[in-house]
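A note on names: the letters A, B, ... follow the listed sequences, proteins ahead of strands, and every chain is numbered from 1.
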Protein chains: 2
Amino acid sequence: MKQIAVLGLGRFGGSLVKEFNELGLDTMAVDKSIDKVNEFSQYATHTIQANTLDESTLKQLGIRNFDLVVVSFGEDIEASILTTLHLKELGIKQVWAKAQNDYHHKVLEKIGADRIIHPERDMAKRVAHHIASEKIIDFIELSKEHSIVEIIASEKLHNQTLLELDIRAKYGCSIVGIQRNEDVIVAPLAEEVLHKGDVLIVIGHNMDLNRFEEKGV
Amino acid sequence: MKQIAVLGLGRFGGSLVKEFNELGLDTMAVDKSIDKVNEFSQYATHTIQANTLDESTLKQLGIRNFDLVVVSFGEDIEASILTTLHLKELGIKQVWAKAQNDYHHKVLEKIGADRIIHPERDMAKRVAHHIASEKIIDFIELSKEHSIVEIIASEKLHNQTLLELDIRAKYGCSIVGIQRNEDVIVAPLAEEVLHKGDVLIVIGHNMDLNRFEEKGV
Ligand SMILES: Nc1ncnc2c1ncn2[C@@H]1O[C@H](COP(=O)(O)OP(=O)(O)OP(=O)(O)O)[C@@H](O)[C@H]1O
Ligand SMILES: Nc1ncnc2c1ncn2[C@@H]1O[C@H](COP(=O)(O)OP(=O)(O)OP(=O)(O)O)[C@@H](O)[C@H]1O
């Protein structure tokens, strides 16, 4: 079983420890604040109060035995950078770090962080697309040019089958799921009839998705 | 055009203003800190230094003319709650607020916030699933029981067509896209040949996805 450590139990680090617990994984959770250590002791296998800036503290934690360490300090960019540097020097294979801004991202990249995470920025992208369009419920980037969107089916699509609408031929994108009330219909068949208010899960090139959103829904 | 205001220009609020700017939307950006106002003045239509706790300040901002207002204060939960309350009392149709924790979420719900956002928690869910499994690159929740996962195709699937693999019949989930290098193949045909290292975009019920991840990839 992978040995995982989470350093810094803020909103992101703390949520990670809870999620790992739900997935049945062992974790070591570390924070300099005793309140945080107490708050998360029920979710992590080990919870330790320590300041990770000190290299000898990291060694005493036995951090070298861990396969993956997440560094999740926000306000104190220097602590994040120094801790990440120490971890890579101690030979940790995978060090993932949360970045505060573009400058922080660049420095983490240069010192060898294996993955850099921007929780707020990524969420802002999804929320902005939802707000910008009445019809889009969610927007998930797959690559620079392809995405998945959840779009609300309007009156225009009511009582029509996927076959009649022929969306793939007309717009180049593909309806891969339909959310109706609490249920999701995966890979709907051509004869599936759409209802007003269905949430269509559509995959495609961004240009095709825009055309479908403007003209097809 | 929808009139949007963003109150609080931290990592989340600031990213939102930048995203709206890219989508060509007008925004009013407000923060009590002059540094933030200067930082984001190039992205928003109007940028104003103000403390939104004061109801008369909100009226002077002409906030009643806005269709949607995002409240993005983190550390100061009280400011977030009071501002959201004032906005609903002033009759703003859509007030979306970022929540710091479950307690904050409950209060925002009770006072009428129209949507409550947890950027760090949602990102933690995606990252935890990626770390928990070697094969899963990304995990996106669609509902309580259905998700989309990005899974790396192993040696086992190399040089086989989707027809031969018959994943829909065997596992109940559906491959809706294939990421190969920078390109995405949308709604692949049955004759499509898979290569080791392809990233499969799969939709399905969580139980089926787990089975596919364990036995099928
Ligand atoms: N050097 C350090 N050693 C151990 N813990 C630390 C260190 N520096 C900061 N922390 C802890 O990391 C946690 C997160 O830090 P901070 O609140 O600065 O980040 P944040 O970006 O606001 O977090 P989030 O957005 O996830 O809530 C805090 O609980 C803090 O006590
Ligand atoms: N009453 C207020 N009026 C206007 N601006 C405010 C008010 N309270 C806080 N802010 C501003 O909101 C911004 C975000 O606040 P804060 O840093 O507490 O949140 P945060 O949750 O850490 O943000 P993020 O996670 O998005 O970085 C700050 O720039 C702060 O100046």
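- The part of B:Ile4 that comes within reach of chain A is its side chain, from C-beta onward, which places non-hydrogen atoms under 4.5 angstrom from that chain.
- Scanning residues 21-30 of chain A against chain B with a 4.5 Å non-hydrogen threshold yields A:Leu23, A:Leu25, sorted by number.
- For B:Lys2, the part lying under 4.5 angstrom from a heavy atom of chain A is the side chain only.
- Of the listed residues (A:Val176, A:Val184, A:Val199), the greatest number of heavy-atom pairs within a distance under 4.5 Å of chain B belongs to A:Val184.
- Panel note: side chain B:Asp198, backbone B:His195; a donor-acceptor pair is recorded below 3.5 Å.
- Looking at A:Ile201, the atoms closer than 4.5 Å to chain B (heavy atoms on both sides) all sit in the side chain, from C-beta outward.
- Interface residue B:Ile140: only side-chain heavy atoms are found under 4.5 Å from chain A.
- Note: A:Trp96 and B:His130 have perpendicular aromatic rings, judged against thresholds of 30 and 60 degrees for the angle between ring planes.
- Ranked by non-hydrogen atom pairs under 4.5 Å with chain B, the options A:His129, A:Met1, A:Arg11 are led by A:Arg11.
- Looking at A:Lys88, its side chain does come within 3.5 Å of a backbone N or O of A:Lys93 through a donor-acceptor pair.
- In this structure a side-chain-to-backbone donor-acceptor pair under 3.5 Å is present from A:Asp31 to A:Ser33.
- Formation of a donor-acceptor pair under 3.5 Å by the A:His104 side chain with backbone atoms of A:Gln100 is found in this model.
- For B:Leu16, the parts sitting under 4.5 Å from any heavy atom of chain A are the backbone and the side chain alike.
- A donor-acceptor contact shorter than 3.5 Å is absent between the side chain of B:Arg168 and the backbone of B:Ser174.
- In terms of non-hydrogen atom pairs under 4.5 Å with chain B, the most contact-rich of A:Asp208, A:Ile203, A:Val17, A:Asn101 is A:Ile203.
- Panel note: side chain B:Gln49, backbone B:Lys32; a donor-acceptor pair is recorded below 3.5 Å.
- Of the candidates A:Arg121, A:Lys125, A:Arg126, A:Glu141 forms a salt bridge (Lys or Arg N to Asp or Glu O under 4.0 Å) with just one, namely A:Lys125.
- Most heavy-atom pairs under 4.5 Å with chain B: of the set A:Ala124, A:Gly204, A:Pro119, this distinction falls to A:Ala124.
- Scanning both residues, B:Gly172 and A:Val186, for their nearest heavy atoms gives O-CG1, 4.4 Å.
- Side chain of B:Gln179 to backbone of B:Leu200: no donor-acceptor contact under 3.5 angstrom is found.
- Considering every non-hydrogen atom in both B:Ile92 and B:Asp67, the closest pair reads CG2-O, 4.3 Å.
- If you measure heavy-atom distances from A:Val70 to chain B, the contacts under 4.5 Å come from the side chain alone.
- At a 4.5 Å heavy-atom cutoff, the contact between A:Glu150 and chain B is made by side-chain atoms alone.
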